[in-house]
Structures are given as structure tokens and as C-alpha cells.
Protein chains: 2
Amino acid sequence: MPKSTFFRLPEERRARLVHEAIVEFADRTYAEASLSQIARRANIPKGSVYQYFEDKLDLYRWLLTEEAPRLKREFVGKPSMEGDFWTRLEDFVERGMAFLVEHPRLARLSAAAADPTANPEVRGLHKAICEAGLKELRAVLEAGAESSALHAPDLDVATRFVATIIGPGLTDVVLKELGAELHEVLASDSLRKRLGPKRRRALAHQAVHFIRKGLGSEKPRRGKET
Amino acid sequence: MPKSTFFRLPEERRARLVHEAIVEFADRTYAEASLSQIARRANIPKGSVYQYFEDKLDLYRWLLTEEAPRLKREFVGKPSMEGDFWTRLEDFVERGMAFLVEHPRLARLSAAAADPTANPEVRGLHKAICEAGLKELRAVLEAGAESSALHAPDLDVATRFVATIIGPGLTDVVLKELGAELHEVLASDSLRKRLGPKRRRALAHQAVHFIRKGLGSEKPRRGKET
DNA sequence: TGACAGTATGACCGATCGGTCATATGACTG
DNA sequence: CAGTCATATGACCGATCGGTCATACTGTCA
């Protein structure tokens, strides 16, 4: 956790530091990211940064577990309760994509929990975040199973499959759709104009369709698969 | 590419270097990995390493694009031509899992192409590898589409979904199954005993079933989903 | 034997990093 | 005013890295 001094900081100074930290940790791995850089760019002496945080990991942890989730919650809001399970899932996925498009840096920060690293402490942090995410998603799918909309022999396995689809899978699809690489995307604050709500809905639909029906039975017109 | 000297090296010395390089790059990110470490552990002066490779990236690139694929090809062999499309896909997936279990380090090295990094050169390398992999998988799926076993409105999108399932998704499932973390797994050469062929087949089946049917229609007994 | 090409080697370089610490600043208290 | 306490600051530290280079070694051929 940040030291108490951090929370007593003048708003502008704190914002500057947080902003530069987000920028740095969004487009570099934890190992690649540099506290010196953050401090330099935020125009805050490195010594001062150590008045606010215990160390590099402390800042990173706070960003990943407190600040980024807070900002994400703020953006995506409460999960919809309308419609059947699959409609709600589609809505959920679409909100995630909107977040990715409107706040690429924060989305990347949220996804950093899946980054590999040799640092055991960071690995522990990442693992905890991943597990929390999986648990959440599992609860969503459980509801689907209870309403008989969803059938899975092993819900843990199914949860992991769904997670990779709506996580890295969809991100990859979105990048392809934008014709851009992650790093170009991270350079801009938002991509509103390049992937509008309409296209987003279409992609979310495609993803959920895949999760629901797979690829083996698109048009049940006539003649079943082999 | 390695310098010519590298290929003229005494077998034992080259093997030592390659082995330590694989170990290092398998459990650390490119950015985290250290040439100094590799040299130290291989008991080869760092200066000598620079007689064999242009630089760190040169070694990494050779491992990722030449050595690892060669060893993987050697292990997985030719794709099966028997059975229908889905059976072949299942077989393909099962071989991939076998490789992961029997050669965790090489599998991790192959998967490193998905690692994020701020280094543009490494990013380019990773991107090229990913694209080659997607292209290959797309060809497989195209065959499925032609035989009408598989139906996708957008094959590019479908390819990416399938790739994340049989890649990171399945890896994640396998790790859960083993009750181990990636790094514990990397410490051992093989996990033969802990995830036998039987269980592997079952998991491969589950993954392909998901890709084929999704989660919305397990037992088409009576009463369709919502 | 001596010259030469290929190779081996480890001291060395500049850069960067995460992190520390002695000192300075400045606001509040009495 | 003096004293105290939170904070600011940047010089400094040790470690590590990727990479270079002068020098030494070794085998071959004339």
C-alpha cells in the first residue's frame, strides 16, 4: 500500500504521478518498466516517489489492484440484469470491448495480470488477480448453468476457455479489426472513432455466438456435420 | 543468424550453450533473461558467446525461429490424415498437449511469441511468429470449412478464437489440472507421470468439443435453450 | 620454424536500474 | 523566537546488464 503521505499529496502532483505510472506500466512489462522514468516524466524527484510508495512493486500493486479496477468499475458500471443469460453475457462482453477501445491503457493494465514474469512477487500478484477474475466469471457462468442456458461438464475448464476468448482472444480480434498493433493503440488515449458501437456489438455477438454454439453448427439448415 | 563459428563448435560445448539458453529464455521474459547468466551457467565466457551470436536478440531469434520449431516438429511429427475434420483437430490438439507436458520448456519457448514487450525488435519477431502460427491454423480450419464440418462467418476471427483456446486456454487448464504453476513446471524436464495420455485425450476432447459445440447445447435431449 | 587465420578470453566500458540517505525546506506550535 | 515534525530533494550506492576489445592461444600450411 502507498504510504499515508501519498494520499495527502496536492491533487495535481498526485495525478501527474499516477498518470505517468499508468502510461509506463501500460506499455512496458513490470520488468521493463522503470521507476526512474516515471519519476522523470512526472517531474518528481525519484527520492520523493519513495516517500509515497515502499518500492516499485508497491506502486504497481496499487495500480493493478486498486486504481485500475476502480477506474474500470467506474466505466463499465453495474452488470445488466435484463434479458436471458446469453444476452446478458453479450452485453457484458460488449462493455469490456468498449473499455478496451475507450481506455486502451487501462485495459492493458488490467490485462497485465496475464503477463509472464520471473519475479516471484509479481507472479504472486498476477496470480491473485487472475484467480479473482476467474472466480467472478465462474459465478456468471454458474448462473447460466442454473438457468439451463449453459451446459458444461467441467465448469472450471469452461470458465478458463471463456476467459481466454473474451480476454486475449477478443483483444486480438479487436486489434486485427483496427489494423493496429497494441503499441500504436496504447499511444492514443482513445479509439472512439475507429471502432464504433455498432461494430463492437457485432464483434461481441460473434464472440458470444462462438462460446454458445461453437463452429460446428452454424446454419442448422439441412445435413448435419460429419 | 548465428555466426559461422557457432556451427563449427564442438558438439558438447554448443549443446551446453543451447541448453542453458533454452532454460533461461523459457522461464524469463526476453527482457528479464540475461546473456551473462546463460554464459555463466554454460561455463562459457561471455566474450565467447559474442563470437557465436551477433547479440542477445540474435540468439533469441535463432532459438525461437529455428531451434524450438525444429525440436517441436521432431516431437509432434506429421499431422494425422485419418478420420474426419474434428477427429483430426482433436488429434492435433492432443499432440500439442503432449508436447507441453513432455517438454514444458520448449513449449513455453514456443509460446513466448505471445509475450508483450516494449522492445520493438522483439515485438516484430514475436509478431511474425504469431502470424505464421495463425496462418497455419487458418489453413487447417479452411479445410474444415471446405468439408462443411466447420461454419464461421469470419474465418479470421474464428481462427483467433480457436488459437487462444488451444494455446493459452488449454495451457491454463493443464496447469490447473496439474495443480502447479508454470514456474514449477518449468523446473522439471517432463511431467509424464502427472498427466498421462488418457487424461490428455479427455482434455483435448473437451477443448475440441467446446470449439465445435460451444456451451449452449450440451445434451440436445429435449427443450432447446432459451 | 614462422606466419597467419580462426578462436578464446576476461578485463573493461557506459548505461541504467532500484533504492538509500543526509540534508534542506517549510509549516505549525509554544 | 526556537523547536518539532512532515516532507522534498538529488547526490550517491552497489549491482547488473549488453556489448567491446586487446591480447593470448592453437592448429595449419609453407
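This one's a predicted model, so the numbers in the text were calculated from it and none came from an experiment. Below, chains carry the letters A, B, ... as their sequence lines are ordered, and counting in each starts from 1.
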Can B:Lys56 be said to sit on top of B:Phe25's aromatic six-ring, NZ or CZ under 6.0 Å from centre and within 45° of the ring axis? no
May I ask you to say whether A:Asp58 pairs ionically with A:Arg61, meaning some side-chain N is under 4.0 Å from a carboxylate O? yes
Report, as a single string ordered 5' to 3', how protein heavy atoms within less than 4.0 Å touch nucleotides 7-23 of chain D: B base, S sugar-phosphate only, - not at all. SBBB------SBBB---
Please find the pair of heavy atoms, one from B:Leu155 and one from B:Glu142, that lie closest to each other, and give the distance. CD2-CG, 3.4 Å
Any salt bridge between A:Arg16 and A:Glu20, counting N to O under 4.0 Å? no
Nearest heavy atoms of A:Pro104 and A:Leu186, plus distance in Å: O-CD2, 3.7 Å
